[in-house]
Amino acid sequence: MQERFTRIKNDINGNPRHIIHFLDVEPPEMADQYRERYTISQRYQMAVHSAKPWGGKAYRGRAYGGGIVFTAYDFELAGIIEKIRNARRST
């Protein structure tokens, strides 16, 4: 699956930020089980928690609901994408 990162405005220090929807962080084979057991907000919190080791945080703005934001330059973003892919494959 292709992760869809969207570039958003820089943070207050000028660092670039990228946002991804929380469903793109969930393991695909677990999505059906998650849908049956948990509410959307619980699934969102689990996705944010799993993205924290890579620098992900809950996006608090109104423009992108259900987003996880990463502060990363383009060369760092490639590493984050690879970590997300590996985590999705291993679960």
Side-chain angles (χ1 to χ4, degrees):
M1 176 172 177
Q2 181 67 30
E3 293 79 12
R4 295 174 297 250
F5 277 92
T6 302
R7 179 82 159 76
I8 58 175
K9 289 171 57 175
N10 292 356
D11 68 6
I12 197 163
N13 297 319
N15 297 317
R17 297 186 309 160
H18 304 272
I19 193 165
I20 188 171
H21 197 270
F22 82 94
L23 294 177
D24 291 335
V25 178
E26 280 186 338
E29 61 274 358
M30 295 299 285
D32 292 331
Q33 294 175 8
Y34 285 166
R35 216 173 287 127
E36 294 170 3
R37 292 185 196 166
Y38 302 106
T39 65
I40 291 290
S41 62
Q42 290 172 327
R43 289 171 58 192
Y44 176 68
Q45 291 303 321
M46 288 189 293
V48 169
H49 182 72
S50 68
K52 278 188 181 185
W54 313 314
K57 297 179 184 175
Y59 182 69
R60 305 268 185 230
R62 286 192 246 170
Y64 301 96
I68 300 174
V69 67
F70 293 90
T71 301
Y73 290 93
D74 290 339
F75 62 90
E76 295 169 330
L77 188 63
I80 292 170
I81 291 170
E82 190 60 35
K83 289 176 185 175
I84 290 172
R85 286 181 183 159
N86 289 339
R88 288 175 59 117
R89 273 187 239 132
S90 67
T91 342

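For reference, positions follow the sequence shown, starting with 1.
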Between Y44 and T39, is there a donor-acceptor pair closer than 3.5 Å when you use the side chain of the first and the backbone of the second?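 The answer is no, because no donor-acceptor pair under 3.5 Å joins these two groups.
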Does D11 reach the main-chain N or O of N13 with its side chain, forming a donor-acceptor pair under 3.5 Å?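 Answer holds: yes.
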For the atom pair CZ (F5) and CD1 (I81), what is the distance rounded to the nearest 0.5 Å?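 Separation between the atoms: 5.0 Å.
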Rounded to the nearest 0.5 Å, how far apart are CZ of R7 and CD1 of I19?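 Reported value, rounded in 0.5 Å steps: 12.5 Å.
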Membership question, hydrophobic clusters at under 4.5 Å side-chain separation (ILVMFWY): are [Y] and [X] in the same one?
| X | Y | answer |
| --- | --- | --- |
| I20 | I8 | no |
| I80 | Y59 | no |
| V48 | F70 | yes |

Restricting to side-chain contact (heavy atoms from CB on, under 4.5 Å), what partner residues turn up for E76, sequence neighbours left out?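 Residues passing side-chain contact (heavy atoms from CB on, under 4.5 Å) with E76: A72, Y73.
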Note, I68 side chain near W54 side chain (heavy atom, < 4.5 Å):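 No. Closest side-chain heavy atoms not under 4.5 Å.
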Nearest non-hydrogen partners of N10 and R17, listed with the distance: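 Scanning both residues completely, I find the closest heavy atoms to be C-NE, 4.0 Å.
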Evaluate side-chain contact (heavy atoms from CB on, under 4.5 Å) for I40 paired with F22, printing each intermediate quantity in order. CA-CA 10 Å; I40 291 290; F22 82 94; 4.2 Å; yes
